[in-house]
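See structure below.
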Amino acid sequence: MEKRGPTVEVIIKQDADELARLAADAIGRLLARKPDAVLGLATGSSPLPIYAELVRRYEAGQMSFSRATAFTLDEYVGLDPEHPEAYRNVIRRELTGRVDFDPGAVHSPHGAAENVAAACQAYEDAIAMAGGVDLQILGVGTDGHIAFNEPASSLASRTRIKMLTDQTRRDNARFFDGDLDAVPQHSITQGLGTIMAARHLVLIATGEGKAAAIEQLVEGPVSALWPATIMQHHPHATVLVDEAAAGRLSRAEYYRETFAKKPERQQF
Ligand code: GLP
């Protein structure tokens with residue numbers, strides 16, 4: 001695929017709901033063109049407005065996921081699969097269980113597998129068998145991680161087990177009633193190479209806490225120390241940010257103007 005522009009496309013909007021509508025538009029266009037599309041789904045709080053918008057459009061009869069397939073990015077290791085914060089349950093609660101996905105078409109890494117290496121390979125194989133991910137939703141960690149590819153992850157990595165950093169565990173403790181000890185130490189995560197194989201990457205980030213990661217992602221040097229910077233090498237990557245997350249971008253005006261003047265406005 002030809003790379004479309006010099007780097008990722010940055011879209012800056014006032015609030016998360018506007019960003020969510022743009023992402024839902026992109027997913028809607030994909031499903032209209034390809035009802036059996038493969039969606040990559042992220043957990044974390046950033047994509048929640050997107051999922052809420054998708055549920056709203058589904059309930060309004062504007063969208064159907066009945067022929068679509070989904071793969072989540074990652075899963076905690078060492079957490080009971082029935083735990084409400086296991087990502088397979090989070091994604092069901094926030095999206096897939098609220099729309100018409102076939103439950104068998106929603107896949108997550110097997111965090112409780114005895115043979116982790118085999119589970120990782122099986123996940124890679126399942127994505128390949130499904131024809132690859134058409135559109136991957138992403139959030140970003142405050143330290144620039146995507147999925148659970150923590151700083152210093154191999155930029156070519158595939159699905160594997162990763163140890164979470166203290167920073168990520170502290171960030172995620174809010175999902176475990178603030179109890180840091182309850183946050184698992186490991187995860188199975190799609191690798192950066194796995195994520196880069198998706199045909200379209202759509203990352204959403206809101207709030208000042210993400211400004212440094214977004215600055216690096218868009219304008220920094222590509223570096224394993226800020227894993228999301230690998231997206232600069234993707235042929236079709238879109239970064240949706242609110243004003244706060246865009247706060248450290250030196251070329252924010254340029255990105256705004258570029259999007260405003262785009263002939264097929266709002267299409268990305
Ligand atoms: C976790 C997830 C990531 C997510 C990140 C940011 O670490 N594994 O996929 O992007 O959190 O989460 P939030 O959007 O809640 O800030």
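Both counts, for ligands and for their atoms, begin at 1 and track the order of listing. What you see is a predicted model; the values in this text were computed from it and never measured.
Between the Arg251 side chain and the Val218 main chain, no donor and acceptor come within less than 3.5 Å of each other.
Each of the atoms 13 (P), 15 (O), 16 (O) of ligand 1 lies under 4.0 Å from some heavy atom of Arg174. Those atoms of ligand 1 with a heavy atom of Lys210 less than 4.0 angstrom away are 13 (P), 14 (O), 16 (O).
When only modelled atom types and interatomic distance are considered, Ser187 and Asp74 share no side-chain donor-acceptor pair under 3.5 Å.
Between Tyr76 and Phe176, the two ring planes are perpendicular [angle over 60°; tilted spans 30° to 60°].
Backbone and side-chain nitrogen or oxygen atoms of Thr168 are examined, and none is located within less than 3.5 angstrom of a nitrogen or oxygen of ligand 1.
With a 4.5 Å cut-off on side-chain heavy atoms, Gln216 and Arg248 do not count as touching.
In summary, Glu85 and Arg93 engage in a salt bridge, as defined by a charged side-chain N under 4.0 Å from a carboxylate O. Salt bridge status for Glu257 with Lys262: absent, with no side-chain N to carboxylate O gap under 4.0 Å.
The proximity of Asp74 to ligand 1, defined as any non-hydrogen pair under 4.0 Å, is limited to the side chain. With a 4.0 Å heavy-atom cut-off, ligand 1 is reached by no atom of Leu138. Residue contacts with ligand 1 for Tyr76 are absent, since no atom lies close enough (heavy atoms, distance under 4.0 Å).
For atom 4 (C) of ligand 1, the nearest non-hydrogen atom of the protein is Thr43 O, 4.0 Å.
Proximity of Ala147 to ligand 1 is established by a heavy-atom distance of less than 4.0 Å.
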